[in-house]
Participant: 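First, the structure itself, so that you have it in front of you.
For the single chain, residues carry numbers from 1 onward in sequence order. Quick note: numbers below take in every heavy atom, side chains included, and nothing from hydrogens, waters or symmetry partners.
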Amino acid sequence: MPPDRTAGDGLSSTGPNLVEERVASVLLSEDEVQARVRELGQAISRDFADSDTLFLVGVLKGAFVFMSDLGREISRAGGPAVRYEFVRASTYGSDVKASGEVTRNVALDGIPEQIEGQDVLLVEDILDQGFTLAHIRKALLNEGKARSVKLCVLLNKVLNAPTPQVARQRACLQLDYQGFTVGDRWVAGYGLDAAEDFRELPYIAVVREEYYVGT
Ligand code: IMP
Ligand code: MG
(Lines give C-alpha, C1' and ligand atoms only; values in the text may rest on other atoms or scores of the structure.)
(Ligands and ions follow the chains in the order given, each with its own letter.)
Protein backbone atom coordinates (compact mmCIF):
# COMPACT_ATOMS: atom_id res chain seq x y z
CA MET A 1 0.00 0.00 0.00
CA PRO A 2 1.41 3.40 -0.87
CA PRO A 3 2.08 4.97 2.55
CA ASP A 4 1.63 8.49 1.21
CA ARG A 5 -2.07 8.06 0.54
CA THR A 6 -4.17 8.88 3.55
CA ALA A 7 -7.87 9.29 4.10
CA GLY A 8 -7.53 13.04 4.21
CA ASP A 9 -6.60 13.30 0.52
CA GLY A 10 -9.78 15.10 -0.46
CA LEU A 11 -11.66 11.85 -0.98
CA SER A 12 -15.39 12.19 -0.82
CA SER A 13 -17.20 10.63 2.09
CA THR A 14 -19.97 11.23 4.46
CA GLY A 15 -18.85 11.83 8.02
CA PRO A 16 -15.40 13.23 7.24
CA ASN A 17 -14.50 13.35 10.90
CA LEU A 18 -15.17 9.68 11.34
CA VAL A 19 -13.04 8.91 8.29
CA GLU A 20 -10.17 11.07 9.53
CA GLU A 21 -10.30 9.50 12.95
CA ARG A 22 -10.85 5.86 12.15
CA VAL A 23 -9.44 5.21 8.68
CA ALA A 24 -5.72 4.52 8.61
CA SER A 25 -5.14 4.64 4.84
CA VAL A 26 -6.65 4.11 1.43
CA LEU A 27 -5.86 0.63 0.18
CA LEU A 28 -7.65 0.66 -3.19
CA SER A 29 -8.80 3.87 -4.84
CA GLU A 30 -12.18 4.23 -6.49
CA ASP A 31 -10.52 4.10 -9.93
CA GLU A 32 -8.62 0.92 -9.08
CA VAL A 33 -11.77 -0.77 -7.83
CA GLN A 34 -13.84 0.28 -10.83
CA ALA A 35 -11.19 -0.84 -13.33
CA ARG A 36 -10.92 -4.25 -11.72
CA VAL A 37 -14.69 -4.74 -11.49
CA ARG A 38 -14.85 -3.93 -15.20
CA GLU A 39 -12.26 -6.64 -15.93
CA LEU A 40 -14.20 -9.14 -13.85
CA GLY A 41 -17.38 -8.28 -15.73
CA GLN A 42 -15.58 -8.88 -19.02
CA ALA A 43 -14.17 -12.23 -17.89
CA ILE A 44 -17.53 -13.41 -16.58
CA SER A 45 -19.24 -12.32 -19.79
CA ARG A 46 -16.79 -14.38 -21.83
CA ASP A 47 -17.05 -17.43 -19.59
CA PHE A 48 -20.86 -17.38 -19.57
CA ALA A 49 -21.24 -16.48 -23.25
CA ASP A 50 -23.34 -19.60 -23.83
CA SER A 51 -25.76 -18.85 -20.99
CA ASP A 52 -28.97 -16.89 -21.57
CA THR A 53 -29.27 -15.85 -17.96
CA LEU A 54 -26.77 -15.67 -15.13
CA PHE A 55 -28.02 -15.73 -11.55
CA LEU A 56 -25.88 -13.55 -9.32
CA VAL A 57 -26.46 -14.39 -5.66
CA GLY A 58 -25.00 -11.73 -3.39
CA VAL A 59 -24.28 -12.04 0.30
CA LEU A 60 -25.91 -9.19 2.23
CA LYS A 61 -24.99 -6.73 3.28
CA GLY A 62 -21.36 -6.49 2.22
CA ALA A 63 -21.67 -7.59 -1.42
CA PHE A 64 -24.47 -5.28 -2.50
CA VAL A 65 -22.31 -2.47 -3.90
CA PHE A 66 -19.89 -4.80 -5.68
CA MET A 67 -22.68 -6.91 -7.11
CA SER A 68 -24.64 -3.96 -8.46
CA ASP A 69 -21.55 -2.70 -10.31
CA LEU A 70 -20.62 -6.20 -11.44
CA GLY A 71 -24.02 -6.78 -13.06
CA ARG A 72 -23.68 -3.52 -14.99
CA GLU A 73 -20.18 -4.45 -16.16
CA ILE A 74 -21.44 -7.83 -17.34
CA SER A 75 -24.10 -5.99 -19.31
CA ARG A 76 -21.62 -3.45 -20.70
CA ALA A 77 -19.41 -6.32 -21.87
CA GLY A 78 -22.31 -7.90 -23.75
CA GLY A 79 -22.68 -10.81 -21.35
CA PRO A 80 -25.78 -12.81 -20.48
CA ALA A 81 -28.86 -11.31 -18.89
CA VAL A 82 -28.39 -11.00 -15.15
CA ARG A 83 -30.74 -11.79 -12.30
CA TYR A 84 -29.97 -10.30 -8.91
CA GLU A 85 -30.74 -12.49 -5.91
CA PHE A 86 -29.52 -12.17 -2.36
CA VAL A 87 -28.97 -14.22 0.75
CA ARG A 88 -28.52 -12.69 4.13
CA ALA A 89 -25.69 -14.11 6.19
CA SER A 90 -24.64 -13.07 9.64
CA THR A 91 -21.21 -14.17 10.68
CA TYR A 92 -19.53 -11.65 12.91
CA GLY A 93 -22.39 -9.55 14.21
CA SER A 94 -21.05 -6.03 14.44
CA ASP A 95 -17.63 -7.07 15.61
CA VAL A 96 -14.28 -7.22 14.05
CA LYS A 97 -13.48 -10.93 14.34
CA ALA A 98 -11.52 -12.57 17.10
CA SER A 99 -8.23 -14.13 16.03
CA GLY A 100 -7.45 -17.83 16.15
CA GLU A 101 -11.03 -18.98 15.71
CA VAL A 102 -11.71 -22.61 14.98
CA THR A 103 -15.21 -22.25 13.66
CA ARG A 104 -17.93 -19.67 13.22
CA ASN A 105 -21.67 -20.06 13.17
CA VAL A 106 -23.19 -18.73 10.00
CA ALA A 107 -26.89 -17.91 10.03
CA LEU A 108 -28.51 -17.84 6.60
CA ASP A 109 -31.79 -16.24 5.59
CA GLY A 110 -33.83 -16.81 2.46
CA ILE A 111 -32.39 -19.10 -0.19
CA PRO A 112 -33.96 -17.83 -3.46
CA GLU A 113 -36.12 -20.52 -5.04
CA GLN A 114 -35.45 -19.07 -8.51
CA ILE A 115 -31.99 -20.66 -8.56
CA GLU A 116 -33.25 -24.24 -8.80
CA GLY A 117 -31.58 -25.88 -11.80
CA GLN A 118 -29.62 -22.70 -12.63
CA ASP A 119 -25.94 -21.83 -12.92
CA VAL A 120 -25.18 -19.46 -10.09
CA LEU A 121 -22.37 -17.02 -9.42
CA LEU A 122 -22.08 -16.51 -5.66
CA VAL A 123 -20.84 -12.95 -5.10
CA GLU A 124 -19.15 -11.98 -1.85
CA ASP A 125 -17.30 -8.91 -0.64
CA ILE A 126 -14.39 -10.65 1.05
CA LEU A 127 -13.06 -14.12 1.74
CA ASP A 128 -11.56 -14.19 5.21
CA GLN A 129 -11.63 -17.47 7.13
CA GLY A 130 -14.01 -19.03 4.63
CA PHE A 131 -16.86 -20.06 6.92
CA THR A 132 -19.41 -17.89 5.18
CA LEU A 133 -18.72 -18.91 1.59
CA ALA A 134 -18.41 -22.62 2.40
CA HIS A 135 -21.73 -22.59 4.23
CA ILE A 136 -23.61 -20.65 1.58
CA ARG A 137 -22.24 -22.62 -1.35
CA LYS A 138 -23.40 -25.83 0.29
CA ALA A 139 -26.84 -24.37 0.99
CA LEU A 140 -27.29 -23.11 -2.59
CA LEU A 141 -26.46 -26.56 -3.95
CA ASN A 142 -28.27 -28.73 -1.39
CA GLU A 143 -31.30 -26.65 -0.42
CA GLY A 144 -31.47 -24.25 -3.36
CA LYS A 145 -30.77 -27.05 -5.86
CA ALA A 146 -28.64 -24.85 -8.08
CA ARG A 147 -27.09 -26.73 -11.00
CA SER A 148 -23.67 -25.22 -10.35
CA VAL A 149 -22.19 -22.56 -8.07
CA LYS A 150 -19.10 -20.54 -8.99
CA LEU A 151 -17.42 -18.17 -6.55
CA CYS A 152 -16.65 -14.51 -7.12
CA VAL A 153 -15.12 -12.37 -4.37
CA LEU A 154 -13.87 -8.83 -4.58
CA LEU A 155 -11.20 -9.26 -1.90
CA ASN A 156 -9.26 -12.35 -0.92
CA LYS A 157 -7.68 -11.82 2.49
CA VAL A 158 -4.32 -13.53 2.93
CA LEU A 159 -4.25 -14.66 6.56
CA ASN A 160 -1.11 -14.39 8.69
CA ALA A 161 -1.72 -17.27 11.07
CA PRO A 162 -4.75 -19.36 10.15
CA THR A 163 -5.66 -22.23 12.43
CA PRO A 164 -5.27 -25.65 10.77
CA GLN A 165 -9.08 -25.83 10.43
CA VAL A 166 -9.20 -22.47 8.69
CA ALA A 167 -6.30 -23.38 6.41
CA ARG A 168 -8.13 -26.57 5.38
CA GLN A 169 -11.36 -24.71 4.84
CA ARG A 170 -9.72 -22.10 2.65
CA ALA A 171 -8.00 -24.80 0.62
CA CYS A 172 -11.44 -26.19 -0.25
CA LEU A 173 -12.60 -22.83 -1.56
CA GLN A 174 -11.19 -22.36 -5.03
CA LEU A 175 -12.22 -18.91 -6.21
CA ASP A 176 -13.37 -18.68 -9.81
CA TYR A 177 -13.05 -14.88 -9.81
CA GLN A 178 -11.31 -12.53 -7.42
CA GLY A 179 -10.70 -8.81 -7.56
CA PHE A 180 -7.68 -8.29 -5.31
CA THR A 181 -5.72 -10.01 -2.58
CA VAL A 182 -5.40 -7.96 0.61
CA GLY A 183 -3.35 -8.35 3.78
CA ASP A 184 -4.67 -9.58 7.11
CA ARG A 185 -6.17 -6.30 8.27
CA TRP A 186 -9.70 -4.99 8.64
CA VAL A 187 -10.82 -3.14 5.52
CA ALA A 188 -13.99 -1.21 4.81
CA GLY A 189 -15.71 0.78 2.07
CA TYR A 190 -17.44 -0.14 -1.20
CA GLY A 191 -20.04 -2.13 0.74
CA LEU A 192 -17.74 -3.52 3.42
CA ASP A 193 -18.18 -2.23 6.94
CA ALA A 194 -16.51 -1.82 10.27
CA ALA A 195 -19.41 -2.16 12.74
CA GLU A 196 -21.70 -0.68 10.01
CA ASP A 197 -19.42 2.30 9.34
CA PHE A 198 -18.02 3.11 5.89
CA ARG A 199 -20.14 0.98 3.53
CA GLU A 200 -20.79 4.14 1.52
CA LEU A 201 -17.16 5.01 0.79
CA PRO A 202 -16.38 4.66 -2.93
CA TYR A 203 -12.88 3.32 -2.15
CA ILE A 204 -11.50 0.60 0.11
CA ALA A 205 -9.67 1.67 3.23
CA VAL A 206 -7.75 0.07 6.06
CA VAL A 207 -9.53 0.70 9.35
CA ARG A 208 -7.96 1.46 12.69
CA GLU A 209 -9.07 -1.70 14.42
CA GLU A 210 -8.61 -0.34 17.93
CA TYR A 211 -11.81 1.66 17.50
CA TYR A 212 -13.83 -1.45 16.74
CA VAL A 213 -12.48 -4.29 18.83
CA GLY A 214 -15.09 -5.25 21.39
CA THR A 215 -17.88 -3.14 19.87
P1 IMP B 1 -15.37 -15.60 6.73
O2 IMP B 1 -16.53 -16.48 7.01
O3 IMP B 1 -14.34 -15.61 7.82
O4 IMP B 1 -14.74 -15.82 5.39
O5 IMP B 1 -15.93 -14.13 6.82
C6 IMP B 1 -16.40 -13.49 5.75
C7 IMP B 1 -17.31 -12.36 6.19
O8 IMP B 1 -16.76 -11.59 7.26
C9 IMP B 1 -17.46 -11.43 5.04
O10 IMP B 1 -18.64 -11.71 4.37
C11 IMP B 1 -17.49 -10.07 5.69
O12 IMP B 1 -18.83 -9.73 5.96
C13 IMP B 1 -16.80 -10.22 6.99
N14 IMP B 1 -15.43 -9.70 6.91
C15 IMP B 1 -14.28 -10.41 7.01
N16 IMP B 1 -13.22 -9.63 6.93
C17 IMP B 1 -13.67 -8.38 6.76
C18 IMP B 1 -13.03 -7.10 6.62
O19 IMP B 1 -11.79 -6.94 6.61
N20 IMP B 1 -13.86 -6.03 6.47
C21 IMP B 1 -15.21 -6.14 6.46
N22 IMP B 1 -15.85 -7.30 6.60
C23 IMP B 1 -15.08 -8.42 6.74
MG1 MG C 1 -20.16 -10.42 4.27
Side-chain angles (χ1 to χ4, degrees), residues 1-2 11 26-89 91 112 114-115 118-130 132-137 140-141 144 146-159 170-193 198-206:
M1 174 200 359
L11 296 160
V26 176
L27 184 61
L28 297 162
S29 71
E30 180 174 7
D31 285 350
E32 287 169 320
V33 172
Q34 293 298 334
R36 186 69 187 123
V37 174
R38 181 160 296 187
E39 287 174 357
L40 290 174
Q42 290 165 347
I44 291 164
S45 299
R46 277 196 303 275
D47 295 348
F48 288 89
D50 295 335
S51 305
D52 290 333
T53 305
L54 175 60
F55 279 75
L56 302 180
V57 175
V59 184
L60 290 172
K61 299 175 191 173
F64 84 104
V65 176
F66 173 41
M67 191 161 101
S68 63
D69 282 348
L70 187 65
R72 286 180 291 216
E73 294 302 341
I74 292 170
S75 167
R76 199 195 306 278
V82 162
R83 293 286 179 274
Y84 285 101
E85 300 290 344
F86 292 93
V87 290
R88 171 110 200 201
T91 328
Q114 294 85 342
I115 66 170
Q118 303 288 340
D119 295 319
V120 166
L121 188 61
L122 176 54
V123 180
E124 176 60 313
D125 52 0
I126 187 163
L127 170 61
D128 187 336
Q129 300 184 94
T132 311
L133 271 187
H135 183 94
I136 297 173
R137 179 173 63 179
L140 295 181
L141 286 166
R147 182 164 65 180
S148 67
V149 177
K150 289 197 165 177
L151 303 179
C152 176
V153 306
L154 180 64
L155 306 176
N156 182 1
K157 196 183 275 194
V158 179
L159 300 176
R170 293 216 18 153
C172 296
L173 285 169
Q174 294 303 318
L175 298 177
D176 298 286
Y177 305 95
Q178 76 172 33
F180 304 91
T181 57
V182 297
D184 197 352
R185 282 172 302 176
W186 202 262
V187 294
Y190 198 66
L192 293 96
D193 74 310
F198 304 130
R199 292 193 196 276
E200 74 278 28
L201 298 181
Y203 53 91
I204 292 173
V206 177

Participant: What residues, two or more places apart in sequence or in another chain, satisfy side-chain hydrogen bond (donor to acceptor under 3.5 Å, both in side chains) together with Arg88?
Facilitator: none

Participant: May I ask you to test the Ile136-Val149 pair for a side-chain heavy-atom distance under 4.5 Å?
Facilitator: no

Participant: Kindly list each side-chain donor-acceptor pair under 3.5 angstrom involving residues 67-78, sequence neighbours excluded, with atom names and distances?
Facilitator:
from  : atom 1 : to     : atom 2 : distance (Å)
Ser68 : OG     : Phe64  : O      : 3.3
Ser68 : OG     : Val65  : O      : 2.9
Asp69 : OD1    : Arg72  : NH2    : 2.5
Asp69 : OD2    : Gln34  : NE2    : 3.3
Asp69 : OD2    : Tyr190 : OH     : 2.6
Arg72 : NE     : Ser68  : O      : 3.3
Glu73 : OE1    : Arg38  : NE     : 3.1
Glu73 : OE1    : Arg76  : NE     : 2.9
Glu73 : OE2    : Arg76  : NH2    : 3.2

Participant: With sequence neighbours left out, write down each residue that passes side-chain contact (heavy atoms from CB on, under 4.5 Å) with Thr181, or none if nothing qualifies.
Facilitator: Asn156, Val158, Gln178

Participant: How long is the span from the CZ atom in Arg170 to the NZ atom in Lys157, to the nearest 0.5 Å?
Facilitator: 10.0 Å

Participant: Not counting sequence neighbours, which residues clear salt bridge (Lys or Arg N to Asp or Glu O under 4.0 Å) with Arg199? List them please.
Facilitator: Asp193, Glu196

Participant: Which residues pass the side-chain hydrogen bond (donor to acceptor under 3.5 Å, both in side chains) test with Glu39, not counting sequence neighbours?
Facilitator: Arg36

Participant: Would a 4.5 Å heavy-atom cut-off, applied to side chains only, mark Asp128 and Leu159 as touching?
Facilitator: yes

Participant: How far does CG of Leu60 sit from CD of Glu124, to the nearest 0.5 angstrom?
Facilitator: 9.5 Å

Participant: Which pairs of donor and acceptor atoms, one on a side chain in residues 47-59, lie under 3.5 Å apart (sequence neighbours left out)?
Facilitator:
from  : atom 1 : to     : atom 2 : distance (Å)
Asp47 : OD2    : Tyr177 : OH     : 2.5

Participant: List the steps, then state whether side-chain contact (heavy atoms from CB on, under 4.5 Å) holds for Val182 with Val206.
Facilitator: CA-CA 10 Å; Val182 297; Val206 177; over 6 Å; no

Participant: Kindly compute the distance separating SG (Cys152) from CG (Asp125), expressed to the nearest 0.5 Å.
Facilitator: 11.0 Å

Participant: Under the side-chain contact (heavy atoms from CB on, under 4.5 Å) rule, collect the residues that match up with Asp176, sequence neighbours excluded.
Facilitator: Lys150, Leu151

Participant: About how many Å separate CZ of Arg83 and CD1 of Ile115, when rounded to the nearest 0.5 Å?
Facilitator: 14.5 Å

Participant: Kindly indicate whether the side chain of Phe86, heavy atoms from C-beta on, has any atom under 4.5 Å from the side chain of Lys61.
Facilitator: no

Participant: Looking at side-chain heavy atoms only, is the closest gap between Glu32 and Ile204 below 4.5 Å?
Facilitator: no

Participant: Do Val37 and Leu154 have side chains that approach each other closer than 4.5 Å (heavy atoms only, starting at C-beta)?
Facilitator: yes

